[in-house]
There are 2 protein chains.
Amino acid sequence: MEKKNNFEVLRALLERRDYHALQAILAEENEVDIAEFMEELTSEQATVVFRTLPKELAAEVFSNLSPENQEAILAAATDQELSAIVEELYVDDAVDMLEELPANVVKRVLKNARPETRKLINQFLNYPENSVGSIMTAEFMDLKKSMTVAEAIAHIRRTGEDSESIYTCYVTDHARRLEGVITVRELLIAKDEQKVEDLMETDVITAETTEDQEEAVSRMMKYDFISMPVVDKENRLVGIVTVDDGMDVMEEEATEDFEKMAAMAPSEKPYLKTSAFTLAKHRIVWLLVLMISGMITGGILGQYEAAFAAMPLLVTFIPMLTDTGGNAGSQSSTLIIRGMAVGEIQLKDFMKVFWKELRVSMMVGVVLSAVNFVRLIITYPGNEMIALTVALALFVTVLLAKTVGGVLPMAAKLFHADPAIMAAPLITTIVDAISLIVYFNIATALLPL
Amino acid sequence: MEKKNNFEVLRALLERRDYHALQAILAEENEVDIAEFMEELTSEQATVVFRTLPKELAAEVFSNLSPENQEAILAAATDQELSAIVEELYVDDAVDMLEELPANVVKRVLKNARPETRKLINQFLNYPENSVGSIMTAEFMDLKKSMTVAEAIAHIRRTGEDSESIYTCYVTDHARRLEGVITVRELLIAKDEQKVEDLMETDVITAETTEDQEEAVSRMMKYDFISMPVVDKENRLVGIVTVDDGMDVMEEEATEDFEKMAAMAPSEKPYLKTSAFTLAKHRIVWLLVLMISGMITGGILGQYEAAFAAMPLLVTFIPMLTDTGGNAGSQSSTLIIRGMAVGEIQLKDFMKVFWKELRVSMMVGVVLSAVNFVRLIITYPGNEMIALTVALALFVTVLLAKTVGGVLPMAAKLFHADPAIMAAPLITTIVDAISLIVYFNIATALLPL
């Protein structure tokens with residue numbers, strides 16, 4: 001795996017225009033590595049490299065390229081080359097590609113596809129974003145239940161070349177309705193004369209085309225499947241979701257959650273490929289909303305102007321108080337949001353979560369308040385009442401922050417909103433306001449203001 | 001998939017002690033579903049259900065049970081049953097189980113395992129946590145390069161029953177050194193008389209036993225593998241990592257990042273199964289650290305006591321200013337930390353990130369400051385200089401927050417620290433301190449204090 005050295009060799013051959021040697025080396029390389037190499041070239045060079053690849057490898061490399069390079073290659077391709085590319089690609093990869101391309105290129109690609117391919121692609125393009133349909137693969141291995149094991153294996157050996165994933169075979173009837181599922185492993189360890197019908201699993205776990213991709217993938221994970229059948233409303237088998245696409249979905253969904261939980265609109269492209277303007281756009285809405293909430297907190301603070309005019313020292317504890325409240329709350333909300341995302345926490349656990357956060361916040365609150373109290377007694381000797389005020393306010397803040405942080409994401413889910421909305425930034429803002437009210441009320445009660 | 005109904009039926013049979021009917025239904029069920037059903041029973045009931053299962057299914061169900069139920073079943077098992085369970089389990093599942101059990105149970109289980117099994121388990125138990133060795137599977141399909149396709153397929157059919165994952169076959173020499181890799185799909189679509197040697201891929205992408213599991217899994221994902229060979233320092237094949245275990249690692253690592261980024265020590269068990277005391281322990285350290293930083297910020301604020309004693313209105317803008325700074329910074333740090341975790345951002349992109357965050361923060365800063373300025377002019381007519389102070393301070397805060405938030409996680413990585421440490425909570429604390437200094441310095445310059 002001394003890839004970097006290898007890239008140097010390839011680049012040297014390219015610059016020497018020794019396409020013959022280049023071709024020989026590339027034919028032995030992994031498609032992912034070739035795509036990575038091409039990403040470092042100019043789009044003219046990438047197009048040259050692409051043309052040296054054997055047809056099947058070319059399609060595999062193509063589906064691993066960035067949209068920019070795909071577009072460059074398509075733009076330089078003749079109609080015939082275009083047709084070869086789109087026919088060799090698996091339908092899901094073709095669709096992924098077309099979704100990123102400008103309309104005129106899409107039109108040209110579709111024009112050069114065979115009518116059946118075009119129909120299939122159009123169908124796939126119509127599935128809503130984030131639906132199972134939008135990530136499924138059209139090529140799968142189907143068997144008939146009347147086959148013997150020997151016949152089934154022979155069938156797989158004959159037709160396996162065209163399927164992305166052959167290890168789980170689907171048994172369908174004449175109307176393409178899904179009747180059962182059998183793995184290649186089960187076929188291989190069975191006896192030749194056994195019937196598929198007797199071996200197949202009939203209680204099949206499926207996904208529906210319009211179902212949310214995240215749900216389908218978490219079901220796939222639960223059952224450790226390497227592919228999952230996708231059916232339409234009439235239980236007709238229309239495609240499969242493969243585990244590698246499932247992993248991509250998982251990674252994307254986790255990234256989306258990270259973004260949402262840091263108060264951003266989720267982005268579709270990687271950070272480095274997103275323009276500064278788009279990034280700014282994704283961030284500004286929530287910043288504005290939270291800034292306005294911050295102003296409201298400021299308004300609350302304004303009510304106590306007399307208090308901190310009389311005792312300016314009180315103001316210096318505000319950052320510590322609001323920061324700790326925010327941190328305590330976001331710890332809780334993060335755990336609950338993530339727990340719900342991976343299915344470990346359900347709505348029915350509401351009371352358990354509430355009770356657990358209450359106990360945790362008591363323990364944490366007592367420790368933090370005690371540390372604070374001691375520190376204030378030492379720093380400001382003779383001001384016991386101020387120390388008590390701060391310690392008490394801190395305790396109540398932690399208690400509120402953690403219960404609010406634990407409970408609000410679940411409340412959001414209850415009202416069918418995305419729990420991630422109740423993440424750190426919003427929790428912090430809410431807790432800030434509450435903690436300041438608590439702080440100054442305790443202060444006015446305990447101190448001579 | 002009307003599982004809930006099915007559970008009712010099963011429960012009724014269990015209560016009627018109709019073990020015969022229970023056995024018949026369970027034999028047809030998926031192991032994951034049976035385990036889920038057992039989790040809802042008392043441990044006595046679960047043990048009864050477990051005993052009705054056929055041996056192989058029993059092992060599969062067992063590896064899907066919670067540690068609590070595993071322990072209960074093992075405690076109730078005779079030595080002979082114990083031996084049957086441990087021998088039927090795949091080694092990685094056996095190891096997962098043993099890691100969760102009390103020492104006396106582990107001892108009893110190991111005593112009842114065959115010597116070879118015991119040796120293997122002990123070897124696996126020695127791999128460090130989070131290493132590839134700790135998640136790998138010992139059962140894999142190995143072939144010899146001298147085999148023909150027909151011989152290889154016959155070999156797989158004869159021995160496939162004992163391997164968890166047969167779809168990628170590994171070609172080893174007499175010393176178990178890895179020579180090549182070939183998929184079952186490639187074997188099946190090849191001709192019977194072709195040689196494995198001529199078909200196999202020799203440039204094998206591997207993982208090492210001591211490598212970090214996260215790195216190995218992200219390589220697996222990059223190449224869309226359904227299993228990856230694990231070798232020792234002498235390139236001897238010792239196991240494989242399967243894609244389902246890879247997905248679990250991905251999910252765990254994402255969860256760990258969520259926890260770290262919300263200033264918590266990562267937990268090993270699901271939230272609902274973690275005690276309040278453990279949760280509190282995981283949260284308190286960072287809360288203390290951040291609270292003390294908050295005190296420092298308070299100290300900084302104390303230096304300007306004269307300023308806000310003279311003009312208490314200034315204090316009311318503090319929450320808005322620090323909240324917005326914190327949010328702006330954590331947006332940036334979250335994107336960068338996640339981008340590094342999934343490999344989209346590398347250290348060499350440092351200047352790109354810096355430049356991008358600078359431009360984004362300018363755009364965002366201008367909008368937020370403008371909104372604030374207009375709002376303050378309207379709310380406090382005649383106080384243009386105060387409005388200007390707040391708007392300017394906000395602009396500088398956003399600028400600093402975003403560049404600091406973008407750059408610090410990369411700096412952490414540069415010094416081989418975990419970038420997740422530079423997440424929202426710490427960034428917020430740092431930005432708070434800076435923004436307050438900026439605010440009061442601008443205030444003292446512009447206002448008659």
Side-chain angles (χ1 to χ4, degrees), chain A residues 32 156-157 160-161 166-167 185 188-189 221-224 226 243-244 247 254-255 258 262-264 270-271 276 279-280 283-284 287 290-291 294-295 297-298 301-302 305 308-309 312 315-317 319-320 323-324 327 330-331 334-335 338-339 344-345 356 359-360 363-364 367-368 424-425 432, chain B residues 32 156-157 160-161 166-167 185 188-189 221-224 226 243-244 247 254-255 258 262-264 270-271 276 279-280 283-284 287 290-291 294-295 297-298 301-302 305 308-309 312 315-317 319-320 323-324 327 330-331 334-335 338-339 344-345 356 359-360 363-364 367-368 424-425 432:
Chain A
V32 180
I156 294 169
R157 296 191 68 172
E161 198 140 10
I166 65 160
Y167 299 132
R185 176 167 179 266
L188 285 175
I189 62 183
M221 252 191 90
K222 175 177 167 186
Y223 291 101
D224 287 344
I226 57 173
V243 71
D244 52 313
M247 285 181 98
T255 300
F258 275 109
M264 282 173 281
Y271 174 82
L279 284 173
R283 298 181 191 182
I284 192 82
L287 285 180
L290 294 167
M291 186 178 81
M295 291 174 182
T297 311
L301 204 48
E305 246 178 58
F308 53 77
V315 173
T316 64
F317 305 119
M320 185 276 298
D323 279 4
T324 306
N327 292 328
S330 69
Q331 287 181 333
T334 301
L335 275 188
R338 179 66 182 165
E344 277 167 15
I345 300 174
K356 192 160 264 181
R359 280 176 299 159
V360 174
M363 291 189 245
V364 171
V367 175
L368 294 179
D432 272 11
Chain B
V32 180
I156 294 168
R157 296 190 69 172
E161 198 141 7
I166 64 161
Y167 299 131
R185 176 167 179 263
L188 285 175
I189 63 181
M221 252 191 91
K222 175 176 168 188
Y223 292 101
D224 287 345
I226 54 172
V243 71
D244 52 314
M247 285 180 96
T255 299
F258 274 109
M264 282 174 281
Y271 175 82
L279 284 172
R283 299 183 191 179
I284 192 84
L287 285 180
L290 294 167
M291 187 179 80
M295 290 175 182
T297 311
L301 203 49
E305 246 179 58
F308 53 77
V315 174
T316 64
F317 305 119
M320 185 275 298
D323 279 3
T324 306
N327 291 328
S330 68
Q331 285 181 335
T334 301
L335 274 189
R338 179 66 182 163
E344 276 167 15
I345 300 176
K356 191 160 266 184
R359 281 177 296 158
V360 173
M363 291 188 246
V364 171
V367 175
L368 294 179
D432 271 12

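Source: prediction; values computed, not measured. First the proteins, then the strands, lettered A, B, ... as listed; each starts at 1.
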Subject >> Residues in side-chain contact (heavy atoms from CB on, under 4.5 Å) contact with A:Ala262, at least two apart in sequence or another chain >> reply: A:Met264, B:Thr334
**OP:** List for me each residue that meets side-chain contact (heavy atoms from CB on, under 4.5 Å) alongside A:Glu161, sequence neighbours excluded, and say none if there are none.
**Re:** A:Glu56, B:Ile189
Measure across [X] and [Y] and return the closest heavy-atom pair with its distance rounded to 0.1 Å.
X        : Y        : value
B:Met291 : A:Leu368 : CE-O, 3.7 Å
A:Ala254 : B:Arg338 : CB-NH2, 3.5 Å
A:Asn327 : B:Pro425 : OD1-CB, 3.5 Å
B:Glu305 : A:Pro312 : CG-CB, 3.6 Å
A:Ala276 : B:Arg359 : CB-CB, 3.9 Å

Subject >> B:Tyr167 side chain to A:Ile166 backbone, donor-acceptor under 3.5 Å >> reply: no
Original post:
Mind checking whether A:Arg283 and B:Leu335 have side chains closer than 4.5 Å, heavy atoms only?
Top reply: yes
**OP:** State, yes or no, whether a side-chain contact exists between B:Asp323 and A:Leu290 at a heavy-atom distance under 4.5 Å.
**Re:** no
So which residue, [options], ends up with the most heavy-atom pairs under 4.5 Å with chain B?
options                                : answer
A:Leu287, A:Leu301, A:Asp432           : A:Leu287
A:Ala309, A:Gly160, A:Ser330, A:Ala424 : A:Gly160
A:Arg185, A:Met295, A:Met221           : A:Arg185

Which residue out of [options] racks up the most heavy-atom pairs below 4.5 Å with chain A?
options                                : value
B:Thr255, B:Leu279, B:Val243           : B:Thr255
B:Ile156, B:Asp244, B:Thr324           : B:Asp244
B:Gln331, B:Lys356, B:Met320, B:Glu344 : B:Gln331

Original post:
Checking heavy atoms, do the side chain of B:Asp224, its backbone, both or neither come under 4.5 Å from chain A?
Top reply: both
Subject >> Segment of B:Phe317 engaging chain A (4.5 angstrom heavy-atom cut-off) >> reply: neither
Original post:
In Å and rounded to the nearest 0.5 Å, what is the CD1 to CE distance from B:Ile284 to A:Met363?
Top reply: 10.0 Å
**OP:** Measure A:Ile226 against the heavy atoms of chain B and call it side chain, backbone, both or neither at under 4.5 Å.
**Re:** side chain
